[in-house]
Student: 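Okay, here's the structure, questions in a sec.
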Amino acid sequence: MHADERLDLRQPDYVDPACMPLRQREGAQKNNHLLRSIFERSEKDFPLPAAQIGRLLATVRWSILHLSRKRFSKATGISANAVALLELEREGHEKKQYHVKTAILRFWEKQGIVSGIREQLLELLEEDRGGGFEGFYRKICIECGVDAFERAAGINIGTLWGREQGEVVPALAEVVRIVRELYAGNGAEQEKKHRLRLEQGTRIWTREKTARYTQRTLEQPLQRLLIGAERQMGSAGETLNGKTMSRWFDLQSKTANGILNGDILPWDAIESIARRVIPAKELGAFYTAWRTLVVQDKKRQSFTTAWERARDEHGWNNQELAYCLNITPPEQRTEGYKKTRKEGFRPSSVIRKMMQANGLSTLAPPRALVDLVCDDDRELTAQLRALFHADRERHYLRGGEGAKGKGLILRIAREFNGVSPGQLASSLRADAADATLLREQIIETERGNVETRFLSETIMQTLLRLTEDLGQKRSEKALNRRRRKGELPIHCQRGTTVAQTVLLLREGMGNYDFLTEAIQRKTGDRSRSMSAPMLRRIAEERACPPLPMLKSLLESCGAEITPETERDWYARFPETLLKEGFGHIGQSRRPLCRLLLTLIHAQEISAKAFSASRFPELYHGTLAKLLRGIEDGIHPAWVQVETVLTAAEVMPGSIPWKLAELLYGNHDDIQAALSQLRPQLARQGLRVEPASLPGLTWKELGGEKKQIPD
């Protein structure tokens with residue numbers, strides 16, 4: 001048999017019992033029967049190439065070596081059970097299986113089994129592992145021994161599975177080093193194996209690397225440049241990275257990192273490396289293809305170009321933006337910082353460099369720059385935000401940094417809002433040790449798709465919200481520096497709902513903290529002021545203040561409440577009472593109680609202030625006891641309800657007075673009260689709405705926002 005000849009495994013190769021000694025003929029028949037069962041079983045129950053492996057092992061053992069399993073086991077030192085497992089079914093991934101296969105391969109070589117058959121087994125074992133680097137490395141493990149492979153590679157055999165799952169392609173320098181170390185030695189056979197394995201490893205590496213570059217959306221000319229560079233460096237045992245690449249090809253560090261990140265650089269920047277890795281006869285075609293890429297890349301709309309166009313159209317420059325962002329020299333920002341710069345510090349250069357790098361900048365966050373340039377143009381703001389996210393996703397995809405999933409979302413959100421991992425961790429964890437641990441977890445999560453290992457879904461959502469909040473505060477500070485104090489734009493004075501009114505005031509005055517300060521300066525009364533968190537809850541329609549506090553807020557900003565906003569207040573305040581409650585009364589589910597509370601807070605900021613100013617004889621404790629009693633289902637005397645209505649300046653016979661009477665008499669039956677009030681509302685031309693029926697919600701009124709016909 002020729003050394004390169006291989007076995008045909010389509011049909012079993014039986015041994016003729018007549019050629020065997022008389023005492024071995026019965027055993028020969030049994031082994032022929034066993035060989036037939038292996039071919040039938042493997043073909044029926046197991047997919048290729050696992051079936052082919054069993055066929056090959058059994059054929060060599062019996063058809064060529066004429067050894068039964070028992071005799072084969074004794075000759076190789078392998079248990080008969082292990083031999084049966086290899087021939088009949090797919091084995092597990094235990095390390096001992098490598099020793100078994102290595103022992104079989106070495107026994108074959110000792111018995112004179114030709115190299116073609118040995119290579120056939122190794123190729124089947126490689127194909128059984130997917131044919132990629134996991135299979136190639138496992139083939140080397142079997143041929144050279146797993147212990148020798150682990151020493152040469154410097155990795156544990158168990159990590160190969162993790163590499164395959166993570167779609168990791170090893171550096172070509174690693175492949176070259178492993179092959180050279182394991183196949184070093186004299187002799188024609190060893191030199192042949194070395195050349196074969198090196199050629200196979202390089203071929204697999206080129207195929208796998210090309211597939212990864214394609215997944216990263218790198219264009220074909222850029223793929224050729226990167227693969228050519230690494231093949232040249234890897235053959236010399238040099239790993240490809242920005243530092244080694246710039247030294248090997250005499251490139252600037254910026255150019256080398258740009259190529260590795262998938263940037264389309266001008267031809268002048270990459271000409272030196274192209275001339276060294278592209279064959280001379282193909283260089284002309286490569287030059288044409290690369291110039292085409294450069295032209296196409298310049299036509300692509302990016303965040304930087306779109307933002308610069310918006311900046312110029314709105315009459316901004318980087319110096320003015322730097323002033324709004326309060327960018328100062330490092331020695332003014334950090335205590336104890338020693339000035340080592342010889343040249344002057346230009347704040348505008350911080351913005352220019354950030355836009356060129358398009359990455360993280362805590363001094364000039366992209367969000368703040370977008371908000372400053374776009375002003376009130378929400379459509380342009382959304383467009384620039386989307387472009388920034390698309391650019392960063394493209395950057396990380398083409399750069400192959402491994403960031404994806406929720407880790408990538410968090411990383412881009414941090415970059416857009418200008419929040420570092422340390423700032424984010426410190427804002428969420430008060431303890432320094434906990435903050436340090438969280439910072440490390442954030443970094444590890446952003447490096448790859450490992451968020452489930454480090455950060456739960458709840459923490460991820462919290463981090464994203466916190467990132468947006470920190471970015472918003474930074475943006476609001478910049479907007480506040482841009483605006484002149486106390487001047488409220490006209491369009492911010494005409495809100496139609498409570499939430500919209502607060503949002504417009506925040507937009508016009510700069511931020512919620514400034515609104516709080518404005519109320520205190522105007523009224524001098526801290527009890528009428530609202531904190532920034534409270535204002536944010538109102539803007540998000542999760543709370544509603546008393547009407548006098550809302551009016552004070554508007555007056556402190558030089559505006560007045562609109563009729564539409566006041567009508568919306570009568571709809572929102574009962575909803576707040578129903579869902580969350582207000583003050584010490586808590587949630588109010590009784591319509592009569594909500595009616596009285598709405599009338600009280602339409603006049604004063606609290607029930608206590610109402611008692612003191614509107615009806616001094618009605619002590620606050622008595623009023624609170626009355627309201628709690630109604631809420632608890634205690635039916636009060638009508639005179640007590642009448643006293644509150646009178647103090648709230650509700651006229652007898654009016655709709656609110658009549659509503660209170662009907663709710664009192666019908667034990668809070670809203671529908672019974674509405675059936676009697678509808679005619680009176682129609683006669684007065686009033687709508688069935690909370691503004692006409694205080695204390696009731698739209699849902700209780702049927703949810704219909706329409707006027708009652710005459």
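Positions are given from 1, in the same order as the sequence printed here. Here the structure is a predicted model, which is why all the values come from computation and not from measurement.
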Student: So, are Glu468 and Arg385 salt-bridged, with charged N and O less than 4.0 Å apart?
Tutor: yes
Student: Do Arg474 and Leu325 touch side chain to side chain, with heavy atoms closer than 4.5 Å?
Tutor: yes
Student: Quick one: does any side-chain atom of Ser426 pair with a main-chain N or O of Gly422 as donor and acceptor, under 3.5 Å?
Tutor: yes
Student: In Å, rounded to the nearest 0.5 Å, how long is the span from CG of Leu464 to CD1 of Ile459?
Tutor: 12.0 Å
Student: Is a donor on one side and an acceptor on the other found under 3.5 Å between the side chain of Thr496 and the backbone of Thr565?
Tutor: no
Student: Going by heavy atoms in the side chains, are Gln472 and Arg367 under 4.5 Å from each other?
Tutor: yes
Student: Between Glu700 (side chain only) and Thr697 (backbone N and O only), is there a donor and an acceptor less than 3.5 Å apart?
Tutor: yes
Student: Side chains of Ser475 and Asp371: do they bring a donor and an acceptor to under 3.5 Å?
Tutor: yes
Student: State whether Glu476 and Arg506 are salt-bridged, where the test is any N-O pair (Lys NZ or Arg NE/NH1/NH2 against Asp/Glu carboxylate O) under 4.0 Å.
Tutor: yes
Student: Donor-acceptor pair, Asp434 side chain versus Arg429 backbone, under 3.5 Å?
Tutor: no
Student: For a quick test of reading the model, state the closest non-hydrogen atom pair linking Gly471 to Val419 and the distance between them.
Tutor: N-CG2, 4.4 Å
Student: Working to the nearest 0.5 Å, report the span between CG of Leu597 and OG1 of Thr576.
Tutor: 12.0 Å
Student: Is a side-chain N or O of His314 found less than 3.5 angstrom from the main chain of Ala310, in a donor-acceptor match?
Tutor: yes
Student: Check the pair Phe303, His389 against ring-ring contact (aromatic ring centres under 6.0 Å, His included), reporting the backbone distance first and the verdict last.
Tutor: CA-CA 9 Å; Phe303 168 75; His389 282 70; 9.5 Å; no
Student: Output the distance between atom OG1 (Thr562) and atom CG (Leu554), rounded to the nearest 0.5 Å.
Tutor: 8.0 Å
Student: Minimum heavy-atom separation for Trp569 to Pro574, with atom names?
Tutor: O-CD, 4.1 Å
Student: Please tell me whether Arg311 and Asn317 have a donor and an acceptor in their side chains that are separated by less than 3.5 angstrom.
Tutor: no
Student: Is the shortest heavy-atom distance from the side chain of Phe573 to the side chain of Pro694 under 4.5 Å?
Tutor: no
Student: Nearest 0.5 Å, please: how far is CG in Leu595 from OG in Ser588?
Tutor: 10.0 Å
Student: Would you call Arg567 and Glu564 a salt bridge, taking side-chain N to carboxylate O under 4.0 Å as the test?
Tutor: no
Student: Any donor-acceptor pair under 3.5 Å linking the side chain of Thr643 with the backbone of Val639?
Tutor: yes
Student: Would you say that more than 12 heavy atoms from the other residues, nucleotides or ligands in this model lie under 6.0 Å from the CZ of Arg378, or not?
Tutor: no
Student: Any side-chain to backbone donor/acceptor pair from Asp668 onto Leu592? Under 3.5 Å, distance only.
Tutor: yes
Student: Donor-acceptor pair, distance only, cut-off 3.5 Å: does the side chain of Ser692 make one with the backbone of Val688?
Tutor: no
Student: Does a sphere of radius 6.0 Å around CD in Glu313 hold more than 12 heavy atoms from other residues, nucleotides or ligands, not counting ones at 6.0 Å or beyond?
Tutor: yes
Student: What's the verdict on side-chain contact (heavy atoms from CB on, under 4.5 Å) for Leu321 and Val373, showing C-alpha distance, side-chain angles and the deciding distance?
Tutor: CA-CA 8 Å; Leu321 293 169; Val373 166; 4.2 Å; yes
Student: Between Ile538 and Pro545, is any pair of side-chain heavy atoms under 4.5 Å apart?
Tutor: yes
Student: So which atom in Phe416 and which in Val370 form the shortest heavy-atom distance, rounded to 0.1 Å?
Tutor: CE1-CG2, 4.4 Å
Student: Side chains of Leu681 and Leu693: does their closest heavy-atom pair fall under 4.5 Å?
Tutor: yes
Student: How close do Ile327 and Ala364 get, counting heavy atoms only, and between which atoms?
Tutor: CD1-CB, 4.3 Å
Student: Within a strict 4.5 Å, meaning less than it, do heavy atoms of the Phe610 and Pro546 side chains meet?
Tutor: no
Student: Is it the case that more than 12 heavy atoms not belonging to Arg494 sit under 6.0 Å from its CZ atom?
Tutor: no
Student: May I ask you to decide if Ser420's main-chain N or O and Gln423's side chain share a donor-acceptor pair within less than 3.5 Å?
Tutor: yes
Student: Any chance you could lay out the side-chain contact (heavy atoms from CB on, under 4.5 Å) test for Asp391 and Arg300, step after step, and finish with the verdict?
Tutor: CA-CA 11 Å; Asp391 275 3; Arg300 182 180 62 86; 3.4 Å; yes
Student: Decide yes or no for Asp469 and Asn417: does some side-chain heavy atom of the first lie under 4.5 Å from some side-chain heavy atom of the second?
Tutor: no
Student: Return the OG to CD distance between Ser456 and Gln441, rounded to the nearest 0.5 Å.
Tutor: 9.5 Å
Student: For the side chain of Thr362 and the backbone of Gly418, is there at least one donor-acceptor N/O pair under 3.5 Å apart?
Tutor: no
Student: Taking atom CZ of Arg590 as the centre, report whether more than 12 heavy atoms of other residues, nucleotides or ligands fall under 6.0 Å from it.
Tutor: yes
Student: Run the numbers on Asp568 and Thr501 for side-chain contact (heavy atoms from CB on, under 4.5 Å), then give the verdict.
Tutor: CA-CA 11 Å; Asp568 182 67; Thr501 297; over 6 Å; no
Student: Only one of Arg414, Arg439, Lys406 clears salt bridge (Lys or Arg N to Asp or Glu O under 4.0 Å) with Glu446; which?
Tutor: Arg414
Student: Distance to the ring centre below 6.0 angstrom and angle to the axis at most 45 degrees; does that hold for Arg392 and Tyr396?
Tutor: yes
Student: I need the Met530 CE to Leu550 CG distance, nearest 0.5 Å.
Tutor: 6.5 Å
Student: Leu505 and Cys557: which non-hydrogen atoms are nearest, and at how many Å?
Tutor: CD2-CB, 4.0 Å
Student: Between Leu599 and Val644, is a side-chain contact (heavy atoms from CB on, under 4.5 Å) present by the stated rule, with each step listed?
Tutor: CA-CA 9 Å; Leu599 294 173; Val644 177; over 6 Å; no
Student: Can you check salt bridge (Lys or Arg N to Asp or Glu O under 4.0 Å) on Lys625 and Asp632, steps first, answer last?
Tutor: CA-CA 10 Å; Lys625 184 178 180 180; Asp632 293 339; over 6 Å; no
Student: Assess whether salt bridge (Lys or Arg N to Asp or Glu O under 4.0 Å) is satisfied between Glu541 and Arg572, documenting all intermediate values.
Tutor: CA-CA 8 Å; Glu541 297 187 352; Arg572 293 293 179 190; 3.3 Å; yes
Student: Indicate the atoms forming the closest heavy-atom contact of Ala425 with Leu438, along with that distance.
Tutor: CA-CD2, 3.8 Å
Student: So, do Thr445 and Arg411 sit near enough that their side-chain heavy atoms are less than 4.5 Å apart?
Tutor: no
